[in-house]
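Excluded from the calculations below are hydrogen atoms, water molecules and symmetry mates; all remaining heavy atoms, backbone and side chain alike, are included.
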2 protein chains.
Amino acid sequence: MNNRKRQVIVASQKLFVEKGFQNTSIQDILDESHISKGTFYNYFASKNECLIAIIAKGREEADVRKHEMLIGQDPKDKNILAKQIAVLMQINRDQNLIPIFESIFHSGDPELKEVVMRFHLNELNWLAKRIVDIYGEESKPHCYDAAILTFGMIQHMLHIWKITREDSLDPVLIVKYVIQQLDAILPAQIEKGEHFLGCDLAKYLHENFKHKYVTKEYLVEQLNGFSEGLIEDDLQAGKEYTACLIKSLREETIPYYIIEAIVLPFNTSFKGTKHAAEAQEIANLIWLFIKQNNNLNILNSN
Amino acid sequence: MNNRKRQVIVASQKLFVEKGFQNTSIQDILDESHISKGTFYNYFASKNECLIAIIAKGREEADVRKHEMLIGQDPKDKNILAKQIAVLMQINRDQNLIPIFESIFHSGDPELKEVVMRFHLNELNWLAKRIVDIYGEESKPHCYDAAILTFGMIQHMLHIWKITREDSLDPVLIVKYVIQQLDAILPAQIEKGEHFLGCDLAKYLHENFKHKYVTKEYLVEQLNGFSEGLIEDDLQAGKEYTACLIKSLREETIPYYIIEAIVLPFNTSFKGTKHAAEAQEIANLIWLFIKQNNNLNILNSN
DNA sequence: ATTCATTTTATACTCATGGTACAACTTTTT
DNA sequence: AAAAAGTTGTACCATGAGTATAAAATGAAT
């Protein structure tokens, strides 16, 4: 059942890493995971959706591990930050995500682009906050600039290193090296008092991630509004998904797995209708809600 | 004749910028440039080769303009460097090359990858040398590291800025901002006396670009060696190309256009044979030889 | 102006791939 | 055992890269 889906994800991920996204055909995936085409399209609406699932899994994993590593540790410890970033990069590398990110970002469809961008900005936001943790409040005006520069340096270092050497250097070395540079950059910036893209980016992130701290109530409200907008002509399936989501959210202990399972069909069932955009937006909200709540669980349980 | 080829290049470049490489079909190119499929494949062996031609043109242009800008100027002037890099980025942006680079680098075929990588490392090499110009001999042990970090910072800044804002900020601002960071990074590095990837990269570049200063004599020598390795079973075409190249190189005034025209068929004619790798290597040598000589002409004429 | 070679076009084809449709089969649930 | 859900295999469509080739246009040489 759901095992099948994971089986497909594992197989296709392996192939994407080995051969790249474009160079992996559906047939390759079918052969590798020993399933039929019908089954594949039963779980994923397209090859892209399959990739999105893989990316999402990677980000999820990265988020979890980032959180885990900070638990009980000093947030000001630069070594912890280095390890956190290194883990992130390791996951990216292992899963060959950065290249896939980049390659999709410009040649792929808008939907994939949207997803990748969201994850990317999310990570930037995280690093900016961590930088404030470490370098103090006075670094706040420069934290986004510093985050951008840091990721830029790390990614390019990794890139070049991957090109020129075939051996497997520990990414943590690169990250530490780059953080060293940050030690030189940030004080100089603070002294000068200038900032660059930081301001715009912060505003942008605020606008695009304001729903990050989405509450259950807000979600129900949105879904109710959406539900009322549906007319008789709409698909029965869509109505049922909507109703189920509302019901699930109102339960005492929220059945996250059910919600997670329904979000995708909910979204796809409105594809091509006039509700498509709204449904997409709500689906994103729910994703963020689940993710946020997972993180909370981890934090609470420790 | 050759006009036709440029016509195709211009048209397909426009389309690649607008719609992306993957999203542009051959048919689109044919419609845009008002030629037939036959003609297209008369000039380019594939869509990839067409892209390679575009990229090569862009790099060529960037090289020329970089050179032009430095003529009669103080090599130590940081503003000149900023402008040079900005021009480079501008060309990249205008032609949408960075995204294409990235997207090809990982999902494209090995040949494209090779070409892109070569250009990339070439630019890195250039920047490293410019950094030594500006920051003096003592920066030499760190110049490659600094070049990597600089490109990383610039590209990521551009990337994020492109995502979050739709208006067209002057790239020179970003470059100047990043060079500011370099002012903080390099002295700290010099003081510490550490270097990182720099050493490896320098070695790698040396190995892979040692033929950058390839002489005519060296080329003829290589070709003769290659020619002697050919046996009767080999294709007649390949033999003729080889002989023609040797003959052309020995002429008083070297017929560059002829050589340029023959390199590609020369290379492809040995595809799939046991000489493929060697032919590829020689083809690359010749490319570099032509490029180097073009640059020299420009330098001499000023 | 005629001839001959090259270039260009138009058209029709092959092949690979993403995606759809569906009837038959298997497994799980009840 | 029966119904429901999941799975398979097969056949199909559309698109797009690349090949093949005969006919038409172009252009230079005699």
Side-chain angles (χ1 to χ4, degrees), chain A residues 1-9 11-12 15-16 19-54 100 103-104 107-112 235-237 240-241 244 258 261-262 264-265 268-269 271-272, chain B residues 1-9 11-12 15-16 19-54 103-104 107-112 257-258 261-262 264-265 268-269 271-272:
Chain A
M1 35 208 294
N2 208 346
N3 226 1
R4 209 68 165 205
K5 187 170 182 180
R6 197 167 317 152
Q7 182 184 350
V8 176
I9 288 183
S12 48
L15 291 170
F16 290 166
K19 313 171 49 174
F21 178 63
Q22 310 280 358
N23 294 343
T24 303
S25 69
I26 298 277
Q27 195 54 51
D28 292 335
I29 296 174
L30 304 186
D31 294 344
E32 178 74 24
S33 52
H34 304 291
I35 57 156
S36 74
K37 214 167 195 175
T39 308
F40 180 89
Y41 281 100
N42 195 13
Y43 286 117
F44 307 99
S46 67
K47 199 177 155 192
N48 280 349
E49 297 248 15
C50 174
L51 178 57
I52 289 178
I54 291 176
I100 293 173
S103 74
I104 264 110
S107 67
D109 69 330
E111 203 178 330
L112 263 179
L235 276 176
Q236 180 62 19
E240 286 182 13
Y241 294 139
C244 175
I258 291 173
I262 291 177
L264 205 59
T268 49
S269 73
K271 283 270 166 65
Chain B
M1 36 206 294
N2 209 346
N3 227 2
R4 210 62 165 208
K5 187 170 181 178
R6 198 167 318 152
Q7 182 184 350
V8 177
I9 288 182
S12 48
L15 290 171
F16 290 168
K19 313 172 44 170
F21 178 63
Q22 310 280 358
N23 294 342
T24 303
S25 69
I26 299 278
Q27 194 54 51
D28 292 335
I29 297 174
L30 304 185
D31 293 344
E32 177 75 24
S33 52
H34 304 292
I35 57 156
S36 72
K37 210 167 197 175
T39 309
F40 180 89
Y41 281 101
N42 195 14
Y43 286 117
F44 306 99
S46 66
K47 201 176 153 192
N48 279 348
E49 297 251 12
C50 174
L51 179 58
I52 289 178
I54 291 176
S103 74
I104 263 108
S107 67
D109 69 330
E111 204 177 327
L112 264 180
Y257 289 145
I258 290 173
I262 291 176
L264 205 57
T268 49
S269 74
K271 283 271 165 67

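Counting all heavy atoms, side chain and backbone alike, A:Thr24 lies closest to A:Leu15 at OG1-O, 3.4 Å. When all heavy atoms of A:Gln22 and A:Lys47 are compared, the pair lying nearest together is O-NZ, 3.9 Å.
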Contacts under 3.5 Å, N or O only, protein and nucleotides 22-26 of chain C:
none

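Rounded to an integer number of Å, the gap from CZ of A:Phe40 to P of D:dG6 is 17 Å. Atom CD1 of B:Ile35 is separated from atom P of D:dG18 by 14 Å (rounded to the nearest Å). Atom CG in A:Asn42 sits about 15 Å away from atom P in C:dG19, given to the nearest Å. Distance, B:Phe44 CZ to D:dG18 P: 13 Å, rounded to whole Å. For the pair B:Asn23 CG and D:dA17 P, the computed distance is 11 Å after rounding to whole Å. B:Gln7 has its CD atom 13 Å from the C1' atom of C:dT7, to the nearest Å. Per the geometry, NZ belonging to A:Lys19 stands 12 Å off C1' belonging to C:dA16, to the nearest Å. Rounding to whole angstrom units, NZ of residue A:Lys47 and C1' of C:dA16 are separated by 12 Å.
Here B:Cys50 contributes atom SG and B:Lys5 contributes atom NZ; the two are 9.5 Å apart, rounded to the nearest 0.5 Å. Taken to the nearest 0.5 Å, the CG atom of A:Leu51 stands 5.5 Å off from the CZ atom of A:Phe16.
Note on B:Ser36: every side-chain N or O is 4.0 Å or more away from OP1 and OP2 of C:dA10. Considering only side-chain N and O atoms, B:Tyr43 lies under 4.0 angstrom from the phosphate OP1 or OP2 of C:dT8. The shortest distance between the side-chain N/O atoms of B:Arg4 and the OP1/OP2 oxygens of C:dT7 is not below 4.0 Å.
Applying the side chain to side chain donor-acceptor pair (under 3.5 Å) criterion to B:Thr39, with sequence neighbours excluded, gives B:Ser36. Under the side chain to side chain donor-acceptor pair (under 3.5 Å) criterion, A:Glu32 pairs with A:Lys14, not counting sequence neighbours. In terms of the ring-ring contact (aromatic ring centres under 6.0 Å, His included) criterion, residue partners of B:Phe44 (sequence neighbours excluded) are, by chain and number, B:Phe40. A search for side chain to side chain donor-acceptor pair (under 3.5 Å) contacts involving B:Asp28 returns B:Lys19, B:Ser25, not counting sequence neighbours.
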Test side chain to side chain contact (heavy atoms under 4.5 Å, CB included) applied to B:Tyr41 and B:Ile26, step by step: CA-CA 10 Å; B:Tyr41 281 101; B:Ile26 299 278; 3.7 Å; yes
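Sorted by residue number, the list of members of residues 24-31 of chain B with any non-hydrogen atom under 4.0 Å from DNA chain C is empty.
Considering only side-chain atoms of A:Lys37, the nucleotide from D:dT7, D:dG18, C:dT20 that sits closest is C:dT20.
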